[in-house]
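Report on the following structure.
Note that ligands are numbered from 1 as they come in the structure, with each ligand's atoms numbered from 1 the same way.
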Amino acid sequence: MAKTRTTTSHYEVQKLRRSDWLQFWKDNQRTIITEESVEMVDTPRRMKRGVMVSADGDVPSLNLDANLHSIEPDTVSTIHRHSWDAIMFIIEGTGWTEVQGRRYDWRPWDTVYLPGGQWHRHGGSGPTPARYVTFSVQPLVELLGLATIEDGGDTPFEDLQGGALSAAQMLGADPYSRRVSRLSDLQTAASETRILTPYEDVPFRVTPRGARSGFLVDSSLGYTTGGITAVMHQLAPGLYQSKHRHGGEAWLYCVKGEGYSVIDDERVDWKAGDLVIVDHWAWHQHFNASETDVSSIIRVHNFDTLYFAMGALLAPLNLFEEPEKLDAPPNVESIEWPDVDQGRPDA
Ligand SMILES: [Fe+2]
Ligand SMILES: [Fe+2]
């Protein structure tokens with residue numbers, strides 16, 4: 001009979017594992033990834049990819065990842081699908097993305113949503129290479145042990161396998177039939193999600209925090225995502241947004257202009273093409289460094305599932321805090337704003 005001889009108990013093992021885990025993420029915390037630090041490399045998809053944050057580029061993260069992509073004119077990528085969903089934001093150039101065989105044409109500052117489990121490929125259609133940035137929940141899905149990717153190469157969409165489909169509705173009122181029916185409804189909703197937000201459709205409004213903001217991907221626009229959402233914040237010339245702090249992280253990709261963020265009293269300067277990562281529970285406030293032009297940043301997070309779950313699991317711990325009186329610019333209503341598409345490239 002085997003006899004347990006270990007002297008280290010479950011208590012010590014867990015304690016060490018937890019502190020190693022936190023230390024690992026602390027060591028990998030980054031505040032800014034500049035565009036020029038990203039190396040673009042050829043991939044078998046006939047596109048170039050540059051890792052901003054991902055274990056694929058030795059920059060691991062827990063929840064979100066970010067990558068830059070480029071595709072040459074008259075080039076069509078291979079087709080693939082993966083179990084996580086992603087958001088694409090077009091930086092420059094024109095092209096198209098096919099999702100489940102349906103084509104969506106895009107141009108600079110349009111946003112495309114790539115649902116988990118749906119086959120997709122991309123094409124460049126302009127005279128110059130197209131570039132876009134993607135954000136996905138791949139790291140979180142990998143952490144849960146659910147990350148899968150299928151590569152269809154050049155197989156036509158019609159010849160590819162269907163998804164791991166949930167069973168169709170069942171009529172019974174028993175617990176099993178109820179589960180099957182609920183998951184069937186969820187799958188139907190996910191398959192009917194919106195895919196494209198043309199930039200001209202972004203519903204910009206000036207918020208009490210002082211920025212002019214509009215959702216790019218959100219349930220209010222008809223998206224059904226795994227929790228990932230994106231907003232564009234525009235900071236008025238010479239102005240800023242009210243500060244706040246929250247759990248999780250906020251990822252900010254600068255599309256246009258230049259500015260800086262004050263994160264727990266440290267100033268981080270950024271410009272178009274850079275990615276700023278605000279660590280959890282750090283006070284942060286974003287400033288436009290230009291007196292004449294708008295600066296635009298995209299905020300991406302995974303609040304709608306991961307942080308909602310954390311909020312419920314950690315209540316009554318508070319996961320969001322802002323000053324009782326917002327420190328937004330005075331007279332937000334009377335700010336004179338340039339056109340929303342100031343600086344938008346034609347292609
Ligand atoms: Fe993909
Ligand atoms: Fe924030």
Side-chain angles (χ1 to χ4, degrees), residues 31 43-49 51 54 56 63-71 76-89 95-100 104 112-123 132-139 141-142 147-153 157 160 163 195 207-211 213 225-226 228-233 235 240-253 259 261-264 268 270 275-287 297-303 307 318-323 326-328:
T31 306
T43 73
R45 295 199 76 198
R46 293 189 288 272
M47 297 171 59
K48 280 189 186 338
R49 176 180 298 207
V51 172
S54 162
D56 306 331
N63 177 25
L64 301 172
D65 68 0
N67 286 279
L68 291 172
H69 308 257
S70 74
I71 186 163
V76 177
S77 78
T78 56
I79 192 164
H80 78 177
R81 66 176 173 181
H82 30 78
S83 54
W84 58 90
D85 55 358
I87 290 172
M88 294 169 56
F89 181 83
W96 51 266
T97 295
E98 233 176 54
V99 179
Q100 293 292 90
Y104 301 84
V112 180
Y113 174 61
L114 301 170
Q118 301 202 6
W119 292 104
H120 54 276
R121 61 177 187 161
H122 313 283
Y132 59 88
V133 58
T134 57
F135 306 93
S136 88
V137 289
Q138 192 279 335
V141 174
E142 185 173 322
T148 56
I149 186 162
E150 288 168 273
D151 194 308
F157 167 69
L160 291 164
I195 300 291
T207 79
R209 286 218 298 251
S213 306
T225 80
I228 193 170
T229 61
V231 168
M232 181 181 281
H233 295 305
L235 304 172
Y240 50 88
Q241 198 183 30
S242 176
K243 70 164 168 266
H244 62 268
R245 65 175 173 175
H246 40 74
E249 293 172 331
W251 290 34
L252 300 154
Y253 175 82
S261 300
V262 176
I263 304 174
D264 273 349
V268 180
W270 42 258
L275 176 72
V276 173
I277 299 181
V278 177
D279 197 4
H280 61 282
W281 212 239
W283 283 106
H284 51 284
Q285 185 163 24
H286 311 302
F287 296 80
I297 48 181
I298 298 175
R299 179 286 284 152
V300 179
H301 61 42
N302 188 15
F303 243 102
Y307 302 156
N318 182 23
L319 295 194
F320 182 91
E321 194 173 25
E322 55 189 0
L326 296 184
D327 52 354

Looking at His244, I want to see if its NE2 is surrounded by more than 12 non-hydrogen atoms of other residues, nucleotides or ligands under 6.0 Å.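 More than 12 heavy atoms, drawn from other residues, nucleotides or ligands, come within 6.0 Å of this atom.
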Return the set of protein N, O or S atoms whose distance to the Fe ion (ligand 2) is under 2.8 Å, each given as residue and atom.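 Near the Fe ion (ligand 2), the protein supplies His244 NE2, His246 NE2, His284 NE2.
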Spacing of [atom1] belonging to [X] relative to [atom2] belonging to [Y], to within rounding of 0.5 Å:
| X | Y | atom1 | atom2 | answer |
| --- | --- | --- | --- | --- |
| Thr78 | Arg45 | OG1 | CZ | 4.5 Å |
| Ile79 | His122 | CD1 | NE2 | 9.5 Å |
| Gln285 | Ser242 | CD | OG | 6.0 Å |
| Tyr307 | Asn302 | OH | CG | 6.0 Å |

Aromatic rings His284 and His286: how do their planes relate, parallel, tilted or perpendicular, breaks at 30° and 60°?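 Rings of His284 and His286: tilted, as their planes differ by 30° to 60°.
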Any idea how Phe320 and His246 line up, ring-wise: parallel (<30°), tilted (30 to 60°), or perpendicular (>60°)?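 Plane angle under 30°, so parallel.
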Can you list everything that forms a side-chain hydrogen bond (donor to acceptor under 3.5 Å, both in side chains) with Gln100? Sequence neighbours excluded, please.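 In terms of side-chain hydrogen bond (donor to acceptor under 3.5 Å, both in side chains), with neighbours along the sequence ignored, Gln100 is linked to no residue.
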Please enumerate all residues that pass salt bridge (Lys or Arg N to Asp or Glu O under 4.0 Å) together with Glu322, with sequence neighbours excluded.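 By the salt bridge (Lys or Arg N to Asp or Glu O under 4.0 Å) rule, Glu322 matches no residue at all.
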Within less than 2.8 Å, report the number of protein N/O/S atoms around the Fe ion (ligand 1).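 Considering protein N, O and S only, the Fe ion (ligand 1) has 3 within range.
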